[in-house]
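Lettering follows sequence order; numbering is per chain, from 1. All of these numbers come straight from a predicted model, not from anything done at the bench.
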2 protein chains.
Amino acid sequence: MMVSTKGRYAMTVMVDIAKNSNGKYVSLADIARRENLSNKYLESIISILIKGGMLKSLRGKNGGYKLTREPKDYNISEILRLTEGTLASVNCIMQEGVTCDKAATCSTLPLWTGLDMVIESYLGSITLKDIIDGNRKKMLGDYCNKCSAL
Amino acid sequence: MMVSTKGRYAMTVMVDIAKNSNGKYVSLADIARRENLSNKYLESIISILIKGGMLKSLRGKNGGYKLTREPKDYNISEILRLTEGTLASVNCIMQEGVTCDKAATCSTLPLWTGLDMVIESYLGSITLKDIIDGNRKKMLGDYCNKCSAL
DNA sequence: ACAAAATCCTACCTGAATGGTAGGATTTTC
DNA sequence: GAAAATCCTACCATTCAGGTAGGATTTTGT
């Protein structure tokens, strides 16, 4: 499992706010109720999104959360990388270019590197707007050859 | 982290055997020594590979492990799927086509489905032979646009 | 002024999975 | 019959996922 609930719920939150904001601040309680998720757990996830600059907040009555940019200006890779810590598929690749000490002679390293590139390429190409619009062609199209539901 | 040491070491084992077999059985002790990995832990991983039909074994002196097919006839997806249990990127997608009960109205599901397709498409296209041959073009080429080391 | 509505912050908790380890039984060869 | 090898069952420590609890702080509306 690459993406934990933390990253998955982060996406849910971003989409929920994007859909329900209309320029206003959206309260935690509303998000949690709509998405049927734990109030408290969401709070901790939103906190990460705020510290990472994905959301801004307003305290007090009528407060809540709001996107800092247009939906088209978020890509999924950055949202997940922020909440998950890393998207590396194996833990011998810590950050971009940082590998373990056997890297020079490791036969399988190019495999893991290639896998990471494929994942980054995909997630980096999808925007929050694509998800809100339900752009199935972009999300499923390129690789879906036996998917009749398209 | 999508791939744990279990899946990663499984790949290491498969590659090691493929490289060092020459038609003979390769002993656990030799693999562990060459790859500098725990004898006992490798044993438990190899056991999975045998039960899944990836390797065959011979007991007794001069015994060990051997591939059941040609390296070109293994793809990485099946090896990892066997050892990891699943390659699904999120746990709301259990197996192919099996999703959670909110699937019909879930905005983000196409994203996770698309991600899984991309991963499967990549790992399903790489063979054990590609890794042994160090076929960097196949493993890194299609997606690597800023990689001067190719 | 004050209550209500909201975010913010620190700490804690539980169960499952990861990443192993230990010891002996069994099989085969030389 | 000893040595070399796999096979099998059980155990274990640490980490992390996935939350929960409680109160402090900030802002608004009346």
Side-chain angles (χ1 to χ4, degrees), chain A residues 1-13 17 20-21 24-52 54-66 68 80 83-86 88-92 100, chain B residues 1-13 17 20-21 24-52 54-66 68 80 83-86 88-92 100:
Chain A
M1 212 77 54
M2 183 175 61
V3 178
S4 66
T5 56
K6 203 144 82 173
R8 192 149 54 86
Y9 293 174
M11 284 307 307
T12 301
V13 165
I17 293 177
N20 296 285
S21 177
K24 281 175 282 191
Y25 287 84
V26 180
S27 82
L28 172 62
D30 284 354
I31 301 171
R33 185 172 29 73
R34 266 194 300 266
E35 307 298 339
N36 194 30
L37 294 173
S38 150
N39 209 297
K40 282 293 188 182
Y41 190 35
L42 274 195
E43 199 186 315
S44 68
I45 291 166
I46 286 176
S47 164
I48 299 172
L49 291 169
I50 288 176
K51 290 195 179 92
M54 302 287 161
L55 293 177
K56 57 186 168 187
S57 67
L58 186 67
R59 297 176 107 179
K61 197 166 181 177
N62 294 329
Y65 308 99
K66 190 198 266 192
T68 56
L80 291 181
T83 44
E84 294 289 308
T86 175
S89 60
V90 290
N91 70 0
C92 54
C100 89
Chain B
M1 212 77 53
M2 183 175 61
V3 178
S4 67
T5 57
K6 202 145 82 176
R8 194 148 53 86
Y9 293 175
M11 285 308 307
T12 301
V13 165
I17 293 177
N20 296 286
S21 178
K24 281 176 282 192
Y25 286 85
V26 180
S27 82
L28 172 61
D30 284 354
I31 301 170
R33 185 173 29 73
R34 265 194 300 265
E35 307 298 338
N36 195 29
L37 295 173
S38 150
N39 207 297
K40 282 293 188 183
Y41 190 36
L42 273 195
E43 198 185 317
S44 69
I45 291 166
I46 287 175
S47 164
I48 300 171
L49 291 169
I50 288 177
K51 290 196 179 91
M54 303 287 161
L55 292 177
K56 58 186 167 187
S57 67
L58 186 67
R59 297 176 105 178
K61 197 166 182 179
N62 294 331
Y65 308 98
K66 189 199 266 192
T68 55
L80 290 181
T83 45
E84 294 289 308
T86 175
S89 60
V90 290
N91 69 1
C92 54
C100 89

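Residues satisfying the side chain to side chain donor-acceptor pair (under 3.5 Å) criterion with Ser44(B), sequence neighbours excluded, are absent altogether. Every side chain to side chain contact (heavy atoms under 4.5 Å, CB included) that Ser21(B) has, sequence neighbours left out, goes to Ile17(B), Val26(B), Lys66(B). Evaluation of the side chain to side chain contact (heavy atoms under 4.5 Å, CB included) rule for Glu43(A) yields Leu28(A), Lys40(A) as partners, not counting sequence neighbours.
In this structure, Asn91(A) places its CG atom 19 Å from P of dA17(C), rounding to the nearest Å. dA17(C) atom C1' lies 17 Å from atom CE of Met2(B), rounded to whole Å. Computed from coordinates, the Arg8(B) CZ to dG20(C) C1' distance equals 14 Å when rounded to whole Å. The distance between atom CG of Asn39(B) and atom P of dA22(C), rounded to the nearest whole Å, is 12 Å.
For Tyr9(A), a side-chain nitrogen or oxygen approaches OP1 or OP2 of dG19(D) to under 4.0 Å. OP1 or OP2 of dT20(D) has at least one side-chain nitrogen or oxygen of Ser38(A) nearer than 4.0 Å. Distances shown here put every side-chain N or O of Thr5(A) at or beyond 4.0 Å from the OP1 or OP2 atom of dA17(D).
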Check residues 54-65 of chain B and write down every donor-acceptor pair under 3.5 Å in which the side-chain atom is one partner and the other belongs to a residue at least two apart or another chain.
none

- Start with the C-alpha distance between Leu80(B) and Met2(B), add both sets of side-chain angles, then the distance that settles side-chain contact (heavy atoms from CB on, under 4.5 Å), and finish with yes or no. CA-CA 10 Å; Leu80(B) 290 181; Met2(B) 183 175 61; over 6 Å; no
- Starting from the C-alpha separation in whole Å, work towards a yes-or-no answer on side-chain contact (heavy atoms from CB on, under 4.5 Å) for Arg33(B) and Asn36(B). CA-CA 5 Å; Arg33(B) 185 173 29 73; Asn36(B) 195 29; over 6 Å; no
Identify all pairs in which a protein N or O lies below 3.5 Å from an N or O of nucleotides 12-16 of chain C, and state each distance.
none

- With the sugar-phosphate defined as primed atoms, P, OP1 and OP2, and the base as all remaining atoms, what B/S/- string results for nucleotides 3-13 of chain D, 5' to 3', for protein heavy atoms under 4.0 Å? -BSBBB-----
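With a 4.5 Å cut-off on side-chain heavy atoms, Met11(A) and Val3(A) do not count as touching.
Listed here is the closest heavy atom pair of Ala10(B) and Thr83(B): CB-CG2, 3.5 Å.
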